Amino acid sequence: MSLTRIAHSPYTLVVCEKPNAARRIAQALGTSSFKEISALEIVGRRGLPPVFSVVDRNNQHFVVCSALGHLYGLVDVNGNRSTYPVFDVKWMPILKKRNRKGPKTATRSVQIIKSIFLLSQKATRFVHACDYDQEGEVIGYNVLEYACKNKYESSLRAKFSTLTDEEIRNSFDNLLKPSKGLAGAGRSRHMIDFIYGVNLSRALTQSFKVSNDRKRYCNLSIGRVQGPTLAFVVDREMEIRQHVQEPYWNISGEFEKKGHIIKVHYYQQKISTLSEATSIVNACTNEDGKITGIENQKVTFKAPTPFNLGDLQKEAYRVFKFSPSYTLTIAEKLYIGALISYPRTSSQKLPASTNYKKIISGLSKILFLGGTSNNESTGSRGTYTNLAKSLLARDNLSPNDGSKTDPAHPAIYPTGEKPKGKLKAVEVKLFDLIIRRFLATFGDPAISGHTTVTILVKDNYVFRADGKKKIYEGWMYFYKPYNNRSDVETDLPELHEGDILRNVVIRMDKRFTQPPPRFNQVSLLEEMEREKIGTKATRSEVIETLFKRNYISSTSTHQRKNNGIGGIETTGVGFAIIQSMRKYMPSIVSTDLTRSMEKQLEHIESGKAKSSLVIGYAINKIKKAVVSFKEKETEIGRQITDAVISTQNKHQQRVLGNCPRCSKGVLKIIRSSITKKRFAGCSNYSSGGCKAIAPLPQKGSIETIDKTCALCRWPVVKTVFAGQAKHHWEFCINMQCPSKKQQQ
DNA sequence: GCAAGGTC
């Protein structure tokens, strides 16, 4: 341990939230002597956040250390997961891994805490320099209170919103008092979420256990964010089921001028009765039209805004069909590879201090060999060389910043670094999307011309024809493979007011009103954003949890409509959970809990309310709910149990689906007596000689999800690897499926 | 094998 090496002079210990921030802060503060000390020298362990020793402009000595997000979390003092209610909780170092056989092993958090403790021993002053938000305040509070031993009150707070040299130096020149209110509010938030979530989750799990005589186990959960999110899906499901289709009629037709066919539609989009529609069609059939108006409009589309995490997730879903959590996982890898900036941001703004030209010329050197299908690279030059050139030729570059901000991080942008190793195909895809989006934010507005022609038939019936033409490509040049608006131009011939058009045909189509579309992963995420539940970094995880618990599932292929692929529907379990919660703890499934909690926390923050009282109130409420829940335990359990068991049975069945080859048998999971490996084979093999066969992964559980591949009609199944339920994987079992060829 | 929130 070489604490002696840094402790020649008295120093201020600076506590940061994450290693990156520590490095930036040390760089900004330090003058010439910038020293990095490995954790190996402090606690004898590698792989922990580095510590920096710097001397600033005023010759003050700083030692900058870092947490790794939350190092402390709440634990149930009792520790028995099957008892509830539990109100006796305390803050403890987060222990993630434990040895299966032996005692708990010290984790990374414990090692970091130990190293910060040692550094704190010789510090004369403490600066809290975590992100300036509620969670950041808590992270620093816990480090200063527990690791540094009661130093929060005497510490000073560095307040900055971006990690630029200027802001950091400025914040250290103007250190504030710690925000006790903010820390109290944050810690209360943890407490309330724990008390509600853990107690109700245990209550649900227990009720299932007792009502099936403890034969089966099913992990059920609910919480302040899970509850309302599940309720969104359940309520939408109800709306869809209760929807009554109403018919309406659409009238369209074709006119002709000098051999050009012009498609027209009746000005009124929906005609509600058959008689009205018929009378219009009858009246207009074979009647020529006269142009009474031509309106030309120039429509401009501003460049897109820089990505924040939500925007990136939406776009990656739209163009690649990546689920939001998958996108975050890939983005994290790109971030760790130093290819993009920090992805968990809600900001749509790029800092003015960014050296755009440097990044862009860096990007122009990147070349994806056969990576993206859509580069316009020429010869051996980089994938983005041409795009970069056209931007670098400009005098000044300013991105089209959006309105959303983030206290801790700028929008997502590529760093301009070249990938060090070979990227996976999905990483290339997401990286390409981020690069092109970044380039496109500097582009000019795109302009297209829209023409609306009004056609009158028998002086009484109004039809319209629309034309669309690209006038100026602007930013779309950079974002080409991913442009949303259809590039299809609808051409109109040259037309003038007063022109007579020959009537070719007028027709009507019967349509029906549609129920609202099912949520997909992205629209559910958007709903959570709108209702302000969860955070940018956790929303997609919560959706994954609902899948993992079998509360929600992807709709079967044949049911896919409206919003296309990946609709989410609720399962029987999801229904049962929401029903029983609505009965016994209605606030947990509505967004009210979040709303009222936020209000209480604001009061704590401003000093108007005491956190102990707010938490006491929450405890009281949960106590009452738990009592009435326990009384009805068997009754609730029965409701949930039926749903759980039928879902479990469904998932455990060995039949994967109908055999697409012989259409008589079913594909079943079979274990080979020779190789002991499992595979899918047709039940019609011995009697009918059907040789349909497909390999299956040998590890993990295989679940049927009532889904058939859209391309080859073979069953689609889901595998979950033990302990990694988050990363379940759906695939068509047919090795010859065209979808597998497309992916190569 | 319980929440939600940080970060790797």
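The shown structure was predicted, so the numbers you read here are calculated from the model rather than taken from an experiment. Below, chain A is the first sequence line, B the second, and so on; all start at residue 1.
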ring-ring contact (aromatic ring centres under 6.0 Å, His included) partners of residues 202-234 of chain A, not counting sequence neighbours, each pair once: none
Under 4.0 Å between any heavy atoms, over every strand shown, what does [X] touch: base, sugar-phosphate, or nothing? Just pick one.
X	value
A:P49	nothing
A:I336	sugar-phosphate
A:Q134	nothing
A:G136	nothing
A:R549	sugar-phosphate
A:D131	sugar-phosphate
A:R224	sugar-phosphate

Please report, rounded to the nearest Å, how far the [atom2] atom of [N] is from the [atom1] atom of [X].
X	N	atom1	atom2	value
A:K333	B:dC8	NZ	C1'	12 Å
A:K532	B:dG5	NZ	P	14 Å
A:E137	B:dG6	CD	C1'	14 Å
A:E541	B:dC8	CD	C1'	13 Å
A:H128	B:dG6	NE2	C1'	13 Å
A:L601	B:dG5	CG	P	12 Å
A:L200	B:dG1	CG	C1'	17 Å
A:D193	B:dG6	CG	C1'	13 Å

Geometric cation-pi criterion A:K583 and A:F629, 6.0 Å radius, 45° cone: no
With distance as the sole test, does [X] use its side chain to make a donor-acceptor pair with the main-chain N or O of [Y] at under 3.5 Å?
X	Y	value
A:S201	A:I222	yes
A:S580	A:I636	no
A:T571	A:G574	yes
A:K151	A:K149	yes

Consider the side chain of [X], meaning its heavy atoms from C-beta on, and name the nucleotide among [options] that approaches it most closely.
X	options	value
A:F194	B:dA3, B:dC8, B:dC2	B:dA3
A:Y217	B:dC8, B:dA3, B:dG1	B:dG1
A:A537	B:dC2, B:dT7, B:dA4	B:dT7
A:I94	B:dG6, B:dA4, B:dA3	B:dG6
A:H409	B:dC8, B:dT7, B:dA4	B:dT7

Using a cut-off of strictly less than 4.0 Å, decide whether [X] has a side-chain nitrogen or oxygen near OP1 or OP2 of [N].
X	N	value
A:Y342	B:dT7	yes
A:R108	B:dT7	no
A:Q226	B:dA4	yes
A:R189	B:dA3	no
A:T538	B:dA4	no
A:R81	B:dC2	yes
A:S201	B:dA3	no

Full working for side chain to side chain contact (heavy atoms under 4.5 Å, CB included) between A:T594 and A:K532: CA-CA 8 Å; A:T594 294; A:K532 294 197 168 63; 6.0 Å; no
Close residues, residues 64-76 of chain A, relative to DNA chain B [heavy-atom separation under 4.0 Å]: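 The stretch gives A:L68, A:G69, A:H70, A:L74 as the residues lying under 4.0 Å from the strand, ordered by number.
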DNA chain B-proximal residues of residues 622-642 of chain A, any heavy atom under 4.0 Å: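 Here the set is empty: none.
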A:K536 vs A:V198, nearer the 5' end of DNA chain B by closest nucleotide: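 This one resolves to A:V198.
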DNA chain B: 5'-proximal contact among A:G223 and A:K209 (nearest heavy atom):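 Result: A:K209.
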Partner of A:P49 by side-chain contact (heavy atoms from CB on, under 4.5 Å), out of A:C16, A:C65, A:S66: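 Filter result, single survivor: A:S66.
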Nearest-0.5 Å distance that lies between atom CD in A:E17 and atom CG in A:D133: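 Those atoms lie 6.5 Å apart.
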CG-CH2 distance between A:L71 and A:W91, expressed to the nearest 0.5 angstrom: 11.5 Å
Side-chain H-bond candidate by donor/acceptor type, A:Y335 with A:N20, under 3.5 Å: yes
Donor + acceptor pair across side chains of A:E137, A:Y152 (<3.5 Å): yes
